[in-house]
Amino acid sequence: MSFKHCETAFMSIKENIVQLQKNIPDTVTLVAVSKTKPVAAIQEAYDSGQRIFGENKIQEMSEKWEQLPKDIQWHMIGHVQTNKVKFMIPYVTLIHSADRRKLFKEINKQAALAHRTVDVLLQVKIAQEDTKYGMPLTEATALLEGNQLDQYPNVRVVGLMGMASFTDDMTQVATEFQVLEKLFIRFRESKNLSTLSMGMSGDYQLAIENGSTMVRVGSAIFGARNYH
Ligand SMILES: *Cc1c(COP(=O)(O)O)cnc(C)c1O
């Protein structure tokens, strides 16, 4: 895995996207995670045909949205504070990180005010670590059962999202993906779910082997992030 990262660092954004598109099946959607990366890098990916970008901060996403072509589909992949929801409602295409009822309520409220329906993924906690966000599995199951989601008519749950533990133990990562795949399969038909968002630069192949239909890939496209 780390060898692959070194290799991609010497390739252009365009070459990385072409390579990734070759590595993933047509049925899997690639979200290019552009957080912390400049507008010029996103434009280069756009010029290579990429149209879906993922960001984890609403402020940053809004600034990029203003400067870039309007046919880009912006996905929110990071933790969302309820008081910031209203700022992304005008243009966000998919929120991957709907992870608590309070957030569902706020997205529903703001979407209704904007006279739209917002597509979201229910983010489920599958990692062993305490640091990862996501609704606990039992709570997520309860929310999907019956008709509890009807409380949020302007929110459309189109699938599930999960992040595996940050570990080299690929058996553990696979096990965590399988937990989410099982939940996805269980509710796929009754809740009309189409999207299972799992897999990042280091584990997207494993995620696809375990049923992922949407991968969120950042550093394998844009290179390592520099947070300074
Ligand atoms: C940053 C991030 C990614 C992309 O991570 P890479 O390892 O750079 O591919 C994917 N998903 C989420 C939720 C992220 O925050």
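Remember, it's 1-based here, ligands and their atoms both numbered in the order they're listed. Residue numbers count from 1 along this sequence.
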Participant: Which of these, Lys35, Met200, Gln123, His75, has its nearest heavy atom closest to atom 14 (C) of ligand 1?
Facilitator: Lys35
Participant: In terms of atom number and element, which parts of ligand 1 are under 4.0 angstrom from non-hydrogen atoms of Gly218?
Facilitator: 4 (C), 6 (P), 8 (O), 9 (O)
Participant: How close do Glu60 and Lys37 get, heavy atom to heavy atom, and via which atoms?
Facilitator: OE2-N, 4.2 Å
Participant: What is the ring orientation for Trp65 with Tyr91, classed by angle as parallel under 30°, tilted 30 to 60°, or perpendicular over 60°?
Facilitator: parallel
Participant: Check each atom of ligand 1 against the heavy atoms of Arg216 and keep those under 4.0 Å away; list them by number with element.
Facilitator: 4 (C), 9 (O), 10 (C), 11 (N), 12 (C), 13 (C)
Participant: Give me each pair satisfying salt bridge (Lys or Arg N to Asp or Glu O under 4.0 Å) with a member in residues 71-90, each pair once, sequence neighbours excluded.
Facilitator: Arg51-Asp71
Participant: Could you tell me whether a side-chain N or O of Arg116 sits under 3.5 Å from a main-chain N or O of Ile89, the two making a donor and an acceptor?
Facilitator: yes
Participant: Between ligand 1 and Val33, is the shortest N or O to N or O distance under 3.5 Å?
Facilitator: no
Participant: Decide whether an N or O pair under 3.5 Å exists between Arg225 and ligand 1.
Facilitator: yes
Participant: Is Val217 in contact with ligand 1, taking contact as a heavy-atom separation below 4.0 Å?
Facilitator: yes
Participant: What atoms of ligand 1 come within less than 4.0 Å of a heavy atom belonging to Ile77?
Facilitator: 2 (C), 11 (N), 12 (C), 13 (C), 14 (C), 15 (O)
Participant: Under 3.5 Å, is there a donor on one side chain and an acceptor on the other for Ser201 and Ser219?
Facilitator: yes
Participant: Holding to side chain to side chain contact (heavy atoms under 4.5 Å, CB included), I want the full list of residues that pass it with Asp168, two or more places apart in sequence or in another chain.
Facilitator: none
